[in-house]
Amino acid sequence: MSDKEREQKSSNVVWHHATVTRQRREKQNSHKGAVIWITGLSGAGKSTIAHAVEERLHSMGCRTFVLDGDNVRHGLCSDLGFSDEDRSENLRRIGEVCKLFLEAGVISLTAFISPFRKDRERVRSIIPHGDFVEIYARCPLEVCEQRDVKGLYKRARAGEIKQFTGIDSPYEEPVNPELILDTHLHTLDECVDQVIEMLRMRAVLAPACPTD
Ligand code: ADP
């Protein structure tokens, strides 16, 4: 379904404006909402980083939520498969969920390969300017394949999984991501530090106090 058809279908729905606004929620939370979109090859470290950043933010008292393959594919997107069209729809729905979380003043973190630029750009386009933070978890294919956390590369090489990103399906690198994390060069802790530093620079989080 095209974006235009989707728009027409919902044209009779009127948005009810909440009195508890995003601004009020953010003031209560003492931080801003943001959509942290982590992209990269399978095994590059997206999930590990998303959960480690969430742990750090949670311990700082921030409102957070991680969206990853399992928690959306089991429910919200359980009707979708892995065709190009379904993958695209999967990401569109996740983007819309992130947008709602943003209104709720939450810092959401996503961990999807999201290999195609057009899908990532579509999400960026529905999120207010500056609130979408694209992080490229960059790691050479050989390293990802060596890690083979879920044994998927082995199965893809054996021809058991078709259209596997990096093997027989392309990965389009981000052109201008807000942050690049070289996960084969830095430890997980260093990567988390870089994300937190970037969130301070973007004023999602307050500047660090000397005691932090
Ligand atoms: P993805 O979600 O991108 O498929 P995972 O997070 O499931 O990747 O797996 C990444 C693997 O790489 C984990 O075993 C993790 O421990 C390891 N790893 C090594 N260094 C890093 C790093 N700097 N950041 C994230 N993961 C790392």
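As the structure lists them, so they are numbered: ligands from 1, and atoms in each ligand from 1.
Within 6.0 Å of atom CD in Q28, 12 or fewer heavy atoms from other residues, nucleotides or ligands are found, so the atom counts as exposed in its surroundings.
For I126, the side chain to side chain contact (heavy atoms under 4.5 Å, CB included) criterion is met by E96, K99, not counting sequence neighbours. Applying the side chain to side chain contact (heavy atoms under 4.5 Å, CB included) test to Q146 and every residue at least two apart in sequence or in another chain returns nothing. Evaluation of the side chain to side chain contact (heavy atoms under 4.5 Å, CB included) rule for R63 yields N29, H31, V106 as partners, not counting sequence neighbours.
Of the possible donor and acceptor atoms, none in the side chain of D86 sits under 3.5 Å from a partner among the backbone N and O of S83.
Near ligand 1, heavy-atom contacts under 4.0 Å come from L41, S42, G43, A44, G45, K46, S47, T48, I49, R147, V149, K150, T183, H186, T187, L188, C191.
A cation-pi arrangement, defined by a distance under 6.0 Å to the six-membered ring centre and an angle within 45 degrees of its axis, is present between R73 and F82.
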